[in-house]
Protein chains: 2
Amino acid sequence: MKQEKKKIFQEYAAARGLKSTRQRDIILDSFLSTDRHLSIEELYLQLREKHPGIGYATVYRTLKLFAESGIAREIHFGDGQTRYEHQAEGEHHDHLVCTRCGAIVEFENEAIEKLQDEIAAGYGFLIKNHKLELYGLCAKCRK
Amino acid sequence: MKQEKKKIFQEYAAARGLKSTRQRDIILDSFLSTDRHLSIEELYLQLREKHPGIGYATVYRTLKLFAESGIAREIHFGDGQTRYEHQAEGEHHDHLVCTRCGAIVEFENEAIEKLQDEIAAGYGFLIKNHKLELYGLCAKCRK
DNA sequence: GGGTATATTGAAAGTCACTTTCAACTAGCG
DNA sequence: CGCTAGTTGAAAGTGACTTTCAATATACCC
């Protein structure tokens, strides 16, 4: 899985004439090794611990490349930061976000997707993608 | 409807010890007179035409007050701008957004809301609110 | 391997969309 | 009216990216 995404990115890079660099490899490994929904800043800080030389701009640019290549996806939860999550071909999921502790749970629901398509069709829309986020308290924070 | 929201805001202002000012009245009227999903900037520019003296900061602060009072709601469509839409007590709707022309259609769907609650319950979450946005091409842009 | 044309990098400067500050104004009350 | 606390507008400040640019690294070609 991890190797597969690595390969997808490398192929994308090759096709675009991009070079393989030490920094990109480090960031790619780091990104693929965590399955949290990291913001650029979080990934940057995490990277700095092992690799002090890497700059914020590089992390930012590289994450963007990941998104373009299809192995990552940008997400916004309204906290003002851009986060990146792993993304696989044709896969999609939505989020449950705990507004107290920030916990994020992913879920998929075909029935909802189907209803969405029906609604869109009713208005003549052709849906390209959607965003569904449920905000509230997770089991732990409800206590 | 418009008068009702005006009243709600005035009561909210009174309860908070806020003063009634010329600027706030103008912004309130302007906001209530349009039913588009205006960004702060759009409302500001629209206002400036009739009332050149009003500053951006005032529009920004006033819109925030509207949201606090419950007559408006902030929305984010990922274009980097904060928009405000009218909001009525206990009412909720979601959006269809055309990614080409920016058209926005509002819709409500109880079946989806119900499914959302079920999903949340399954993860032990207590949902406070949610956001559902469908992005694609509107009937006109599909041609 | 050395020489080159390109792509990358990191630091710093620049953007954008708010947010806050502050001195000069009002409202509203007595 | 005279005060006191809330408001305003211009400008400075923030936060989170984005872009610029001179210095480096890579990937090729010989």
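Proteins come first, then strands; the chains are lettered A, B, ... in the order of their sequence lines, and each starts at number 1. Any value given below was found using the heavy atoms of this structure, including those in side chains, with hydrogens, waters and symmetry copies removed. Small disclaimer: the values here were computed from a predicted structure and weren't measured.
- The shortest side-chain heavy-atom distance between Phe125(A) and Ile119(A) does not fall under the 4.5 Å cut-off.
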Go through Leu132(A) and Gln116(B) one step at a time and tell me if the side-chain contact (heavy atoms from CB on, under 4.5 Å) criterion holds. CA-CA 9 Å; Leu132(A) 171 58; Gln116(B) 289 177 357; 3.2 Å; yes
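- In this structure, Glu41(A) reaches neither bases nor backbone, as no heavy-atom distance under 4.0 Å exists between it and the strands shown.
- At a threshold of 4.0 angstrom between heavy atoms, the contacts of Ser39(A) with the nucleic acid are absent.
- Of the residues in residues 7-16 of chain B, none lies under 4.0 Å from DNA chain D by heavy-atom distance.
- Atoms CG (Leu45(A)) and P (dA16(D)) sit 11 Å apart, rounded to a whole Å.
- Shown for residues 47-60 of chain A: residues whose heavy atoms fall under 4.0 angstrom of DNA chain D, namely Tyr56(A), Ala57(A), Tyr60(A).
- Closest approach of Lys19(A) to Arg24(A), counting heavy atoms only: O-NH2, 3.0 Å.
- Formation of a donor-acceptor pair under 3.5 Å by the Ser30(A) side chain with backbone atoms of Ile26(A) is not found in this model.
- Screening residues 92-110 of chain B for salt bridge (Lys or Arg N to Asp or Glu O under 4.0 Å) gives no qualifying pairs among residues at least two apart or on separate chains.
- Closest of all the heavy-atom pairs between Arg48(B) and Ile54(B) is NH1-O, 2.8 Å.
- The residue from His93(A), Gln87(A), Glu91(A), His37(A) that alone fulfils the side chain to side chain donor-acceptor pair (under 3.5 Å) condition with Arg73(A) is Gln87(A).
- Of the residues Glu41(B), Glu74(B), Glu42(B), the one that meets the salt bridge (Lys or Arg N to Asp or Glu O under 4.0 Å) test with Arg83(B) is Glu42(B).
- Listed by chain and residue number, nothing satisfies the salt bridge (charged side-chain N to carboxylate O under 4.0 Å, His left out) test with Glu113(B) (two or more places apart in sequence, or in another chain).
- Checked against the 6.0 Å centroid threshold, Phe66(A) and Phe31(A) count as a close aromatic pair.
- A donor-acceptor contact under 3.5 Å links the side chain of Arg61(B) to the base of dG9(D).
- Residues Gly55(B) and Tyr44(B) approach most closely at C-CE1, 3.6 Å, considering heavy atoms.
- The distance from atom CD1 of Ile75(B) to atom NE2 of His95(B), rounded to the nearest 0.5 Å, is 4.5 Å.
- A salt bridge links Lys114(B) with Glu118(B); the closest basic N to acidic carboxylate O contact falls under 4.0 Å.
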Could you go over nucleotides 22-30 of chain D and give all protein N or O partners under 3.5 Å, atom names and distances?
unit_1  : atom_1 : unit_2   : atom_2 : d
dT26(D) : O2     : Lys19(A) : NZ     : 2.9

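- Note that the first and last nucleotides of DNA chain C, 5' to 3', having any atom under 4.0 angstrom from a heavy atom of chain B are dA17(C) to dG28(C).
- Protein atom CZ of Phe77(A) is 17 Å distant from nucleotide atom C1' of dA16(D), rounded to whole Å.
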